[in-house]
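Please read all numbers here as calculations on a predicted model, not as lab measurements.
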Amino acid sequence: MLKRLFHIAFVLLLLCACGSRDAQRMLDRAEAVMSDNPSQAIAVLDSIGDDGLSRSQRMRRLLLLTNAQNKCDTVFRSDSIQRLLVDYYESHGSANDRMLAHYLLGRAYFDMGEMPLSLNAYQLALADTTVTDKNYYQIVRIYAQMAKIYYHQYLLQEQIDCINQSVKFALLAKDTIGAVNNYLQKANSYDLMGKSDSVITICENVNSFFKGKGMYKQSAQDQGLLALHYIKKGMLEKAKHCLDVYEAESGFFDSNHNIEPHRTIYYSMLGEYYTTIEKYDSAEICFRKELREGKDFNNQNAASRGLALLFQKTHQPDSAAKYALYSYAMNDSVYAHMATEEVERMKAMYDYNRHLKLAEAKSLEAQATRSLVWILSLFCLSIILSLYIVILRHKKREEEMVRREENLYKRLVELEDSQKEKERFKRTIEQEQRILNSTIAKHFRDLAQKPANLPSSTDWKSMLDMISRELPSFQALLCDNQLNLRQEEMNICMLIRLRFKPKEISNLTGLSSQNVTNIRKRLLYKIYGDESGGSKDFDQRIMKIQ
């Protein structure tokens, strides 16, 4: 009898082991297709029953299933499963499993509107710095989610820091496309910060990358923001090119040239472009189309503001005042909306503290009543503080409008200064072109092609006369009595300033290449007192003299 029972038990254990191995293969298969086809992963995981699974296999199935649901954009209404996973993987599985569990808890909190708790979960997911075999793709996802939270809370520098980390780990994962897409997100932050040069730099870099990869549609879809900042900087030809590419290649427009409904802010951008080039009828059509089709705040405010500025330019004061008042009313409502958001953010912080206190209360039930009173007091205090902030902001609204006008005037002054700087730069370029394209410079370049074709003394004098006219500061340096430069040293200085290469200088002076190099190093010390630099350091300094 005992022998028979032992035999039955052995058979059952063998069947369980076989079932467990089959289940493990299914789990591995689901994990393999997770990234490319999460829906298929869900189907595989749903086909695995809990019967015959070990506890570790059941938890792994639950972890993979929750991850696949998240990849399929499932909205989580509860954190119960995610908290179960975190509790288990705090003491089981690998560090990457633990990171994934905390990440999924953060995603649940995000869907539930618990932003502080979501950030806390993401930070815990990244807390283990001892992991050597890191899942870089998962780290990229975490930093991208944190950046999203910071962006919507207008914590722009924090968002940029998270994006930098996501780019870093995407490159470590050899996901260049992902790194570039994450890098592009910084442009939105710099846009809100008013840093047009940074926006332009980022967008141009990304566009160059996508074009190099033959991804022209992807490149075209990023042209909108770039066009807006080209318009702001007065770079109208580039702005027009971006607008044309955006409409022709982005895939956002139908056959009648109408953009997708959720992208109607484009008409504001196009209207601003037409206003700038004084095509006022076209600009008005764009702004009115946006006002008609874009029903959210951003479209209504941008369209009304655009119409107000347009009518101001076309000397229609009544119409300008009408849309200016509408824009003002829209902004006025934003202050109230921002005040409400402030209350919500403070309430979220209260909720975060409440969760912590309730967790402590489980182990300290004797202090439950006192903790509850403390929490309610904090809540009342936060509500009072929020109301105070609302009232204070309301009082300061008019002051803010005055400051905006002052900032606008300041920006106009800065634009004038920028224009002056461009004019100086243009004059410098024109001067450089005159020097390099002068008759004597071209003559020397012809001579430099053959080693034995040395310039005459008349040629050298003509060179010095041209430099005296165009570069008086440089001529003064050459003729400085304190430096006491020899004729061959003066000749080499002039040739370097006219961007002749070392080999050409050797041909024009009859000196060996090594001798030319030694003279340049000696001149670096003789003119600038620099003993540590090389011949190329001397070249760079000489070529900067205007």
Side-chain angles (χ1 to χ4, degrees), residues 13 16-74 76-112 114 117-146 165-166 168-170 172-175 355 359 362:
L13 286 172
C16 289
C18 291
S20 180
R21 284 196 296 270
D22 289 340
Q24 187 61 50
R25 283 195 292 269
M26 298 284 279
L27 290 171
D28 293 341
R29 179 186 169 194
E31 187 170 15
V33 302
M34 180 74 68
S35 297
D36 297 329
N37 196 339
S39 297
Q40 183 181 348
I42 292 175
V44 173
L45 293 166
D46 283 341
S47 69
I48 304 173
D50 284 341
D51 294 340
L53 297 185
S54 65
R55 186 188 180 201
S56 64
Q57 287 177 325
R58 290 197 303 272
M59 296 305 296
R60 183 152 193 81
R61 175 184 175 276
L62 189 58
L63 179 70
L64 293 175
L65 181 60
T66 308
N67 189 27
Q69 290 170 342
N70 176 61
K71 285 179 176 290
C72 289
D73 295 326
T74 299
F76 297 118
R77 304 298 183 186
S78 168
D79 64 345
S80 57
I81 292 176
Q82 289 83 352
R83 291 189 63 81
L84 177 65
L85 291 170
V86 167
D87 291 341
Y88 176 79
Y89 282 106
E90 278 297 323
S91 54
H92 300 82
S94 67
N96 283 325
D97 291 334
R98 185 162 55 254
M99 176 170 63
L100 177 57
H102 280 288
Y103 167 74
L104 293 172
L105 180 60
R107 291 291 298 124
Y109 284 139
F110 182 87
D111 289 346
M112 295 161 63
E114 299 280 2
L117 287 173
S118 181
L119 279 174
N120 184 60
Y122 292 147
Q123 289 163 356
L124 289 174
L126 298 168
D128 194 345
T129 58
T130 62
V131 182
T132 55
D133 185 21
K134 292 182 179 179
N135 184 339
Y136 293 133
Y137 288 102
Q138 186 60 53
I139 295 175
V140 171
R141 292 168 70 190
I142 294 170
Y143 276 118
Q145 288 294 325
M146 293 175 69
Q165 290 297 316
S166 71
K168 168 187 170 182
F169 284 100
L172 288 174
K174 303 189 185 310
D175 180 12
H355 282 293
K362 291 179 182 179

How many angstroms lie between atom OH of Y122 and atom CZ of F110, to the nearest 0.5 angstrom? 6.5 Å

Between D111 and R77, is there a side-chain heavy-atom distance shorter than 4.5 Å? no

Contact summary for C72 and S39, nearest pair of heavy atoms: SG-OG, 3.7 Å

Would you say L126 and Q165 make side-chain contact, with heavy atoms under 4.5 Å? no

Between R61 (side chain only) and L45 (backbone N and O only), is there a donor and an acceptor less than 3.5 Å apart? yes

Compare all side-chain heavy atoms of N70 with those of R141 and state whether any distance is below 4.5 angstrom. yes

Rounded to the nearest 0.5 Å, the CG atom of L104 sits from the OH atom of Y89 at a distance of 10.5 Å

What's the shortest heavy-atom distance between A68 and A41, and which atoms? CB-CB, 4.4 Å

Please find the pair of heavy atoms, one from T66 and one from L62, that lie closest to each other, and give the distance. OG1-O, 2.7 Å

Gap separating the NZ atom of K71 from the CG atom of N37, nearest 0.5 angstrom: 11.5 Å

Would you say the side chain of F76 lies within less than 4.5 Å of the side chain of I81, judging by non-hydrogen atoms? no

Just so I know, are the side chains of M112 and L117 near enough to count as touching, which here means a heavy-atom distance under 4.5 Å? no

Under the side-chain contact (heavy atoms from CB on, under 4.5 Å) rule, what do I142 and M99 come out as? Steps first, then yes or no, please. CA-CA 9 Å; I142 294 170; M99 176 170 63; 3.7 Å; yes

Roughly how far, to the nearest 0.5 Å, is CE of M34 from CG of D36? 11.5 Å

Say whether Q57 and R60, considering side chains only, have a donor N or O and an acceptor N or O under 3.5 Å apart. no

Between the CD atom in Q138 and the CG atom in D97, the distance rounded to the nearest 0.5 Å is 10.5 Å

Take R98 and L124 through the side-chain contact (heavy atoms from CB on, under 4.5 Å) test and state the conclusion after the steps. CA-CA 9 Å; R98 185 162 55 254; L124 289 174; over 6 Å; no

L85 side chain near L100 side chain, heavy-atom distance below 4.5 Å: no

Of E90, R107, Q82, which meets side chain to side chain donor-acceptor pair (under 3.5 Å) against H102? E90

Minimal heavy-atom distance between S56 and Y88, with the atoms involved, is CA-OH, 3.3 Å

Which atom names give the shortest non-hydrogen contact between L64 and L27, and what distance separates them? CD1-O, 3.7 Å

Using a 4.5 Å cut-off on heavy atoms from C-beta on, say whether the side chain of Q24 contacts that of I48. no

Got a donor-acceptor contact below 3.5 angstrom from the N135 side chain to the N96 backbone? no

To the nearest 0.5 Å, how far apart are OH in Y136 and NZ in K168? 9.0 Å

Correct closest heavy-atom pair for Y137 and A173 would be OH-O, 3.2 Å

